[in-house]
Amino acid sequence: MPTTQHIPVVIIGAGPAGLLLGQLLYKAGIDNIILEQRSPDYVLSRIRAGVLEQVSMDLLRQAGAAKNMDAHGLHHHGIELLFGGQRHRIDLHGLTGGKYVMVYGQTEVTRDLMEVRAAEGLTTVYEALHVQPRDYDSGHPRVRYEKDGELHEIHCDFIAGCDGFHGASRASIAPERIRHFEKVYPFGWLGLMSDTPPVSEELIYANSERGFALCSQRSLTRSRYYLQVPLTDKVENWTDEAFWDELKRRLDPEARERLMTGPSIEKSIAPLRSYVAEPMRFGRMFLAGDAAHIVPPTGAKGLNLAASDVGYLARAFVDYYQNKSTHGIDQYSEQCLRRVWKAERFSWWMTTLMHSFPEEGAFHTKVQEAELDYVVNSRAASTSLAENYVGLPMR
Ligand SMILES: Cc1cc2nc3c(=O)[nH]c(=O)nc-3n(C[C@H](O)[C@H](O)[C@H](O)COP(=O)(O)OP(=O)(O)OC[C@H]3O[C@@H](n4cnc5c(N)ncnc54)[C@H](O)[C@@H]3O)c2cc1C
């Protein structure tokens, strides 16, 4: 027989979505537990996103987990688009009435959230195996899991499925209740992290004949660079030297000259995918973050969407517990999906604008060149890019 207890909200997954939700609920006086299949070290070893929108910054502040971000995050007021050998600045700040993005790594966000959770004495069960959400269509949902060979069961009011693309929450839903929308791109991103100063103060998105490149960063001393590579490529095929050589070929002469190279501290290939699951609510279980949707990283939206989903979900739970209203819960899926699809559109558009698609032929390339020219020379087009890049507001 499993050990049992009752906790109002069970959160599955201790990525940014789960940890942020836990903290927002705690601040509102709503008890919760997080079940995570991996160890804390494993969770922190994943190198992922690095650009935060205003909405994410605000939610981290609301959660009481923004001290380090505010002290060490870098305010970025613009990005550069490089094409035809020339760089063109998009003035995010000027075009959006003073908005900006914050460069602060996902690993740091996760660590900050873990630390505030531990300091408040809140429970996260790491290495919780075989997590199974059950009975979420009834008024009495339960979550089962195994820890150190023992079976546990938690009875709860709600389950938050924050367990990423391969998690147990979405997998538990009967196929006929869920719709999947997916686009897989014919390339991936080879990423390299190095303890070298960034090549430029702002991010450079490069469209070159040899493929896309991104010069990103995590701090003034840590850089993150990416190259578009075929899906069939393997990270073992890329020495650090080969990476730096190829990156230089995709940059303009000034950036090539300034680029400081060094040994990689991480190197990996990520496939690019657009994906949405609809709806995002199933009775008393709610999907949030990568459990419900994936965007290609070109628009820097993945982590930010995870944050806005749990922002909506926290509001809905607060409304339920404090005002006995189910309005937020009933609106959750529709409200999230409106924002999700706008971010999906923007991420797809940025990906299509900046990458090479040789299989699409010369017509595609010419249209792409025309669109790039339009984006940097039309204030309306630059503004559209800027307002999506800094993030659309949460309604
Ligand atoms: C290689 C890579 C690079 C990326 N780069 C960028 C980028 O540059 N910019 C950007 O905006 N986004 C990027 N993303 C996307 C961004 O990292 C994600 O959108 C973000 O991590 C989503 O957070 P999440 O909490 O929803 O999911 P996750 O971070 O995936 O967290 C889910 C958690 O649930 C746990 N879990 C999974 N299954 C179970 C289970 N059965 N039981 C219990 N726990 C479970 C996992 O171990 C994990 O800790 C990248 C993603 C990847 C994979």
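This structure is a prediction, so every number in the text was calculated from the model and none was measured. Indexing begins at 1, ligand by ligand and atom by atom, following the structure's order.
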TODO: Consider ligand 1: state whether an atom of it lies below 4.0 angstrom from any non-hydrogen atom of A300.
DONE: yes
Open item on the list: Does the Lys NZ or Arg CZ of R315 fall within the cation-pi geometry relative to Y332 - under 6.0 Å from the ring centre and within 45° of the axis?
Closed with: no
TODO: Could you label the plane-to-plane angle of the F187 and H355 rings as parallel, tilted or perpendicular, counting under 30° as parallel and over 60° as perpendicular?
DONE: parallel
Open item on the list: One residue to check: L35. Relative to ligand 1, which of side chain, backbone, both or neither has a non-hydrogen atom less than 4.0 Å away?
Closed with: backbone
Task: Contact atoms of ligand 1, heavy-atom distance to R38 under 4.0 Å - done: 47 (O)
Task: Close side-chain approach of Y100 to V390, heavy-atom, < 4.5 Å - done: no
Task: N or O pair under 3.5 Å between D290 and ligand 1 - done: yes
TODO: Can you sort out which atoms of ligand 1 are near G302, meaning under 4.0 Å from one of its heavy atoms?
DONE: 10 (C), 11 (O), 12 (N), 19 (O)
- [ ] Identify whether NZ of Lys or CZ of Arg in R284 sits under 6.0 Å from the centre of the six-membered ring of F158 and within 45° of that ring's axis.
- [x] yes
Open item on the list: I want to check something: taking the side chain as every heavy atom from C-beta on, are K267 and L190 in contact at a cut-off of under 4.5 Å?
Closed with: yes
Task: Distance-only polar pair, side chains of Q132 and H130, donor-acceptor under 3.5 Å - done: no
Open item on the list: Can you report which non-hydrogen protein atom sits closest to atom 31 (O) of ligand 1, along with the distance?
Closed with: G15 CA, 3.4 Å
- [ ] Measure C162 to ligand 1 on non-hydrogen atoms and call it side chain, backbone, both or neither using the 4.0 Å cut-off.
- [x] backbone
Open item on the list: Give me the residue, atom name and distance of the protein heavy atom closest to atom 47 (O) of ligand 1.
Closed with: E36 OE2, 2.7 Å
TODO: Answer whether the closest heavy-atom distance between the side chains of L113 and L60 falls below 4.5 Å.
DONE: yes
TODO: With atom 23 (O) of ligand 1 as the reference point, say which of G289, P16, G50 has the nearest heavy atom.
DONE: P16
- [ ] Please indicate whether Y374 has more than 12 foreign heavy atoms, meaning atoms of other residues, nucleotides or ligands, lying under 6.0 Å from its OH.
- [x] no
Task: Structural part of V131 in contact with ligand 1, heavy atom criterion under 4.0 angstrom - done: side chain
Task: R46 near ligand 1 by a heavy-atom separation under 4.0 Å - done: yes
Open item on the list: Tell me the nearest of A14, S172, A49 to atom 10 (C) of ligand 1, using heavy-atom distances.
Closed with: A49
Task: Minimum-distance protein heavy atom relative to atom 40 (C) of ligand 1 - done: Q37 OE1, 3.7 Å
Open item on the list: Centroid separation under 6.0 Å, is that true for the rings of Y312 and F286?
Closed with: no
Open item on the list: Using a 4.0 Å cut-off to any heavy atom of A270, which atoms of ligand 1 qualify?
Closed with: 1 (C)
TODO: Sort out for me which residue in W189, Y185, F83 forms a ring pair (Phe, Tyr, Trp, His ring centres under 6.0 Å) with F212.
DONE: W189
Task: Proximal ligand 1 atoms for P297, defined as those under 4.0 Å from one of its heavy atoms - done: 6 (C), 7 (C), 8 (O)
Task: Check: L251 and C215 side chains under 4.5 Å, non-hydrogen atoms - done: yes
Open item on the list: Can you name the atoms of ligand 1, numbered from 1 with element, that are less than 4.0 Å from a heavy atom of I12?
Closed with: 42 (N), 43 (C)
Task: Within 45° cone of Y389 ring axis and under 6.0 Å: K301 NZ or CZ - done: yes
TODO: Evaluate the ring planes of H152 and Y145, with Trp represented by its six-membered ring, and classify them as parallel (under 30°), tilted (30 to 60°) or perpendicular (over 60°).
DONE: parallel
Open item on the list: Only heavy atoms of G164, strictly under 4.0 Å: list the atoms of ligand 1 that pass.
Closed with: 27 (O), 30 (O), 32 (C)
Task: ligand 1 atoms in contact with G167 (distance to a heavy atom under 4.0 Å) - done: 38 (N)
- [ ] Using a 4.0 Å heavy-atom cut-off, say whether R48 meets ligand 1 through its side chain, its backbone, both or neither.
- [x] both
Task: Nearest-neighbour protein heavy atom for atom 20 (C) of ligand 1, which is reported as residue plus atom name and distance - done: Q106 NE2, 3.7 Å
TODO: Fit a plane to each ring of H93 and H77, take the angle between them on a 0 to 90° scale, and name the class: parallel (under 30°), tilted (30 to 60°) or perpendicular (over 60°).
DONE: parallel
TODO: Considering heavy atoms of the protein only, find what lies nearest to atom 37 (C) of ligand 1 and give residue, atom and distance to 0.1 Å.
DONE: D163 O, 3.0 Å
TODO: For ligand 1, note which part of A17 has a heavy atom under 4.0 Å away: side chain, backbone, both or neither.
DONE: both
- [ ] Between K301 and ligand 1, find which residue part has any heavy-atom pair under 4.0 Å and reply side chain, backbone, both or neither.
- [x] backbone
TODO: Check each atom of ligand 1 against the heavy atoms of A168 and keep those under 4.0 Å away; list them by number with element.
DONE: 41 (N)
